[in-house]
Amino acid sequence: MTNKIYYLASCDTCRKIIKSLPNSDRLEFHDIRQNPITEQELEELHSLSGSYEALFSKKAQLYKSLDLKNKTLTEDDYKKYLLQHYTFLSRPVILLNGEIFIGNTQPNILKLTKAMASV
């Protein structure tokens, strides 16, 4: 399994996180706007995360504009939206030695930074 980061090159937060990571040059970079995530890649992320909802960003502007917070979404819905538009992926998503790190919360980034130090 490749060590890979799914991110948006235009996202300041993604760029800041990448810059702060040790050994980030050892990751394969996948800009999800330029190269949309495939169903196969999403299945790999799903198998590591345990759910599509875990990969889904409820902060996305589309989430608000489509009024999804007032709908009851199923795992199939989350999958559909993740494949439909890159903005629904909680970013960044990093695959590292068979482990997945999702999003930009402080605890997640600290755990990721520690894991990256030994890559």
Side-chain angles (χ1 to χ4, degrees):
M1 183 179 288
T2 307
N3 291 335
K4 185 184 254 187
I5 181 168
Y6 293 90
Y7 75 110
L8 267 178
S10 60
C11 171
D12 288 339
T13 302
C14 288
R15 287 197 306 257
K16 186 174 131 194
I17 290 168
I18 291 165
K19 193 174 180 181
S20 75
L21 290 176
N23 302 318
S24 64
D25 59 323
R26 296 189 183 151
L27 293 171
E28 178 183 313
F29 286 77
H30 184 126
D31 183 344
I32 58 175
R33 179 181 292 157
Q34 300 299 320
N35 187 7
I37 196 163
T38 65
E39 189 165 1
Q40 183 180 350
E41 289 167 324
L42 185 59
E43 289 304 319
E44 181 183 10
L45 299 179
H46 176 261
S47 70
L48 290 168
S49 68
S51 78
Y52 294 110
E53 184 176 6
L55 297 163
F56 191 86
S57 173
K58 293 181 179 170
K59 295 176 184 173
Q61 294 209 347
L62 262 181
Y63 180 76
K64 294 174 180 87
S65 66
L66 294 173
D67 198 32
L68 297 178
K69 71 176 182 207
N70 292 316
K71 296 181 177 149
T72 305
L73 299 178
T74 65
E75 277 291 288
D76 286 341
D77 292 327
Y78 287 118
K79 179 181 179 181
K80 175 186 80 175
Y81 286 118
L82 285 163
L83 289 170
Q84 198 174 72
H85 203 275
Y86 67 85
T87 194
F88 287 120
L89 185 67
S90 187
R91 302 174 304 270
V93 174
I94 295 105
L95 301 179
L96 189 65
N97 299 328
E99 196 174 350
I100 191 167
F101 299 85
I102 304 166
N104 58 25
T105 64
Q106 193 70 26
N108 187 51
I109 299 305
L110 288 172
K111 190 176 166 193
L112 171 62
T113 301
K114 203 173 200 176
M116 287 290 299
S118 63
V119 172

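We count residues from 1, following the sequence as given.
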Next item on the list: Give every residue pair that meets the side chain to side chain donor-acceptor pair (under 3.5 Å) criterion with at least one member in residues 77-88, sequence neighbours excluded.
Entry: Arg33-Tyr86, Glu39-Lys79, Glu43-Lys79, Glu53-Tyr78, Thr74-Asp77
Check: Shortest non-hydrogen contact from His46 to Leu55?
Finding: N-CD1, 3.9 Å
Check: How many angstroms lie between atom OG of Ser20 and atom CG of Leu112, to the nearest 0.5 angstrom?
Finding: 8.0 Å
Next item on the list: Could you check if a side-chain atom of Met116 sits within less than 4.5 angstrom of a side-chain atom of Leu27, using non-hydrogen atoms only?
Entry: yes
Check: Once you round to the nearest 0.5 Å, how far does NE2 of His30 lie from CG of Leu89?
Finding: 9.0 Å
Next item on the list: Mind checking side chain to side chain donor-acceptor pair (under 3.5 Å) for Asp12 and listing every partner two or more places apart, or none if nothing turns up?
Entry: Arg15
Checklist line | Counterpart residues, side chain to side chain donor-acceptor pair (under 3.5 Å), relative to Asp25 (two or more places apart) | finding: none
Next item on the list: Quick one: pull up CD1 in Ile5 and CG in Asp31 and give me the separation to the nearest 0.5 Å.
Entry: 10.5 Å
Next item on the list: For Lys111, check salt bridge (Lys or Arg N to Asp or Glu O under 4.0 Å) against everything at least two apart and list the hits.
Entry: Glu99
Next item on the list: Determine the minimum heavy-atom distance between Ser90 and Val93, stating which atoms define it.
Entry: O-CG2, 3.1 Å
Notebook entry, point to check: Pairs in or reaching into residues 61-73: which pass salt bridge (Lys or Arg N to Asp or Glu O under 4.0 Å), with residues at least two apart or in two chains?
Noted result: none
Next item on the list: Please name all residues satisfying side chain to side chain contact (heavy atoms under 4.5 Å, CB included) with Thr113, sequence neighbours left out, ordered by chain then number.
Entry: Leu21, Pro22, Ile109
Next item on the list: Verify the ring-centre separation between Tyr63 and Phe88: is it less than 6.0 angstrom?
Entry: no
Notebook entry, point to check: If you measure from CZ on Phe29 to SG on Cys14, what distance do you get to the nearest 0.5 Å?
Noted result: 10.5 Å
Notebook entry, point to check: Quick one: CG on Leu96 to CG on Asn23, what's the gap to the nearest 0.5 Å?
Noted result: 9.5 Å
Checklist line | Taking every non-hydrogen atom, the tightest pair across Val119 and Ala115 | finding: CG2-O, 3.5 Å
Checklist line | Leu95/Tyr6 under side chain to side chain contact (heavy atoms under 4.5 Å, CB included): CA gap, chis, key distance, verdict | finding: CA-CA 8 Å; Leu95 301 179; Tyr6 293 90; 4.1 Å; yes
Note to self: Going by side chain to side chain contact (heavy atoms under 4.5 Å, CB included), name the residues that satisfy it together with Lys19, two or more places apart in sequence or in a different chain.
What the structure shows: none
Next item on the list: Scan for ring pair (Phe, Tyr, Trp, His ring centres under 6.0 Å) pairs involving residues 96-119, sequence neighbours excluded, and state none if there are none.
Entry: none
Checklist line | Pro36: side chain to side chain contact (heavy atoms under 4.5 Å, CB included) partners, not counting sequence neighbours | finding: none
Check: Would you say Asn108's side chain and Ile102's backbone share a donor-acceptor pair under 3.5 angstrom?
Finding: yes
Item checked: side chain to side chain contact (heavy atoms under 4.5 Å, CB included) involving Thr38 - partner list, sequence neighbours excluded -> Gln40, Glu41
Note to self: Taking the side chain as everything from C-beta on, heavy atoms only, tell me whether Tyr7 gets closer than 4.5 Å to Ile17.
What the structure shows: no
Next item on the list: Return the minimal non-hydrogen interatomic distance between Leu82 and Tyr52, and the atom names on each side.
Entry: CD1-O, 3.6 Å
Next item on the list: Could you tell me the separation between the CG atom of Leu45 and the OG atom of Ser51, rounded to the nearest 0.5 Å?
Entry: 11.5 Å
